[in-house]
Amino acid sequence: MRTAVYPGTFDPITNGHIDIIARSAKLFDRVIVALAVNSAKKTLFTEEERLALAVEALRGYENVEVKRASGLLVEFVEGEGAMAIIRGLRAVTDFEYEMQMALMNRKMREEISTIFMMPHERYTYLNSTIIRELSRYGADVSEFVPPCVQAALRRRQEELRGA
Ligand code: ADP
C-alpha cells in the first residue's frame, strides 16, 4: 500500500488543488489531504469549514481522505504510514520555499520523499488568496473552484457585508 500526503491550508480548496489530488490518486494507492490546523495563518474559513469543503469537493475520489494535521508534517506522514509528500509547483516563484521545506523534511526523515507535480496550465496562476480576493469583489470564480466552495464563498461574503 503506497500512501502519499498532500498538505496545505486549503482556505478554500480550489480546482488547482483538486487537479494535483486527481493526478496523485492515480499514482498512489491512498492519498491523504492533510489540512493544516495549527498554522499561524489567519484564514477566511474555519478549520471545520475547510475540512467540510474539502470532503465535499473530493467525494468522487475513492482513495482520497481528508484529515486534520497538527504538529510536525513528517510526524503526521510517518503516523499514516506514508512514503511521500505531494506539493504543487506552479511557477518559479514557488520553487525556493518548496525546496527549503523539502530539504528540511528530508533532513528530518530521509525515507520520506517530496514529490512535485505541475497542475494543468489553466491552474498555474491560481491560488486561494486570489480566489478570496476575487470573491470579495463579487467576481465569478466558478471556473476555479468546485460548486460547494463557490456557494460557501458567496455566503461568507454576505455574512461579512452584513456584519
Ligand atoms: P500552503 O498554505 O502550504 O501554501 P496551500 O493550501 O496554499 O498550502 O497549497 C497546498 C499545496 O497546493 C502547495 O503545494 C501549493 O503549491 C499547491 N497549490 C496551490 N494552488 C495550486 C494550483 N493552482 N495548482 C497546483 N498546485 C497548487
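In each ligand, atom 1 is the first atom listed, and ligand 1 is the first ligand listed. What you see is a predicted model; the values in this text were computed from it and never measured.
- Using a distance-only test at 3.5 Å, with no hydrogens or angles considered, a donor-acceptor pair links the side chain of R132 to the main chain of D11.
- Surrounding CZ of R68 are more than 12 heavy atoms belonging to other residues, nucleotides or ligands, all under 6.0 Å away.
- The closest side-chain heavy-atom distance from M101 to L73 is not below 4.5 Å.
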Between the protein and ligand 1, are there any N or O atom pairs that come within less than 3.5 Å of each other, and if so, what are their names and distances?
{"residue": "ligand 1", "atom": "2 (O)", "partner": "T9", "partner atom": "OG1", "Å": "2.6"}
{"residue": "ligand 1", "atom": "2 (O)", "partner": "K41", "partner atom": "NZ", "Å": "2.3"}
{"residue": "ligand 1", "atom": "3 (O)", "partner": "R87", "partner atom": "NH1", "Å": "3.4"}
{"residue": "ligand 1", "atom": "3 (O)", "partner": "R87", "partner atom": "NH2", "Å": "3.1"}
{"residue": "ligand 1", "atom": "6 (O)", "partner": "T9", "partner atom": "N", "Å": "3.0"}
{"residue": "ligand 1", "atom": "6 (O)", "partner": "F10", "partner atom": "N", "Å": "3.1"}
{"residue": "ligand 1", "atom": "6 (O)", "partner": "H17", "partner atom": "NE2", "Å": "3.4"}
{"residue": "ligand 1", "atom": "8 (O)", "partner": "T9", "partner atom": "N", "Å": "3.4"}
{"residue": "ligand 1", "atom": "9 (O)", "partner": "H17", "partner atom": "NE2", "Å": "3.4"}
{"residue": "ligand 1", "atom": "12 (O)", "partner": "Y6", "partner atom": "OH", "Å": "2.6"}
{"residue": "ligand 1", "atom": "14 (O)", "partner": "R87", "partner atom": "NE", "Å": "3.1"}
{"residue": "ligand 1", "atom": "14 (O)", "partner": "G88", "partner atom": "N", "Å": "2.9"}
{"residue": "ligand 1", "atom": "16 (O)", "partner": "G88", "partner atom": "O", "Å": "2.7"}
{"residue": "ligand 1", "atom": "16 (O)", "partner": "R90", "partner atom": "NH2", "Å": "3.4"}
{"residue": "ligand 1", "atom": "20 (N)", "partner": "R90", "partner atom": "NH1", "Å": "3.1"}
{"residue": "ligand 1", "atom": "23 (N)", "partner": "Y123", "partner atom": "O", "Å": "2.9"}
{"residue": "ligand 1", "atom": "23 (N)", "partner": "L126", "partner atom": "O", "Å": "2.9"}

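- R109 places no side-chain N or O within 3.5 Å of a backbone atom of E78 that could act as its donor or acceptor partner.
- A donor-acceptor pair is defined here as one N or O able to donate and one able to accept, closer than 3.5 Å; such a pair exists between the side chain of R50 and the backbone of T9.
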Practice prompt. Report the C-alpha distance between I21 and I13 in whole Å, list the side-chain angles of each, state the deciding distance to 0.1 Å, and finish with yes or no for side chain to side chain contact (heavy atoms under 4.5 Å, CB included).
Written response: CA-CA 11 Å; I21 294 163; I13 191 163; 4.1 Å; yes
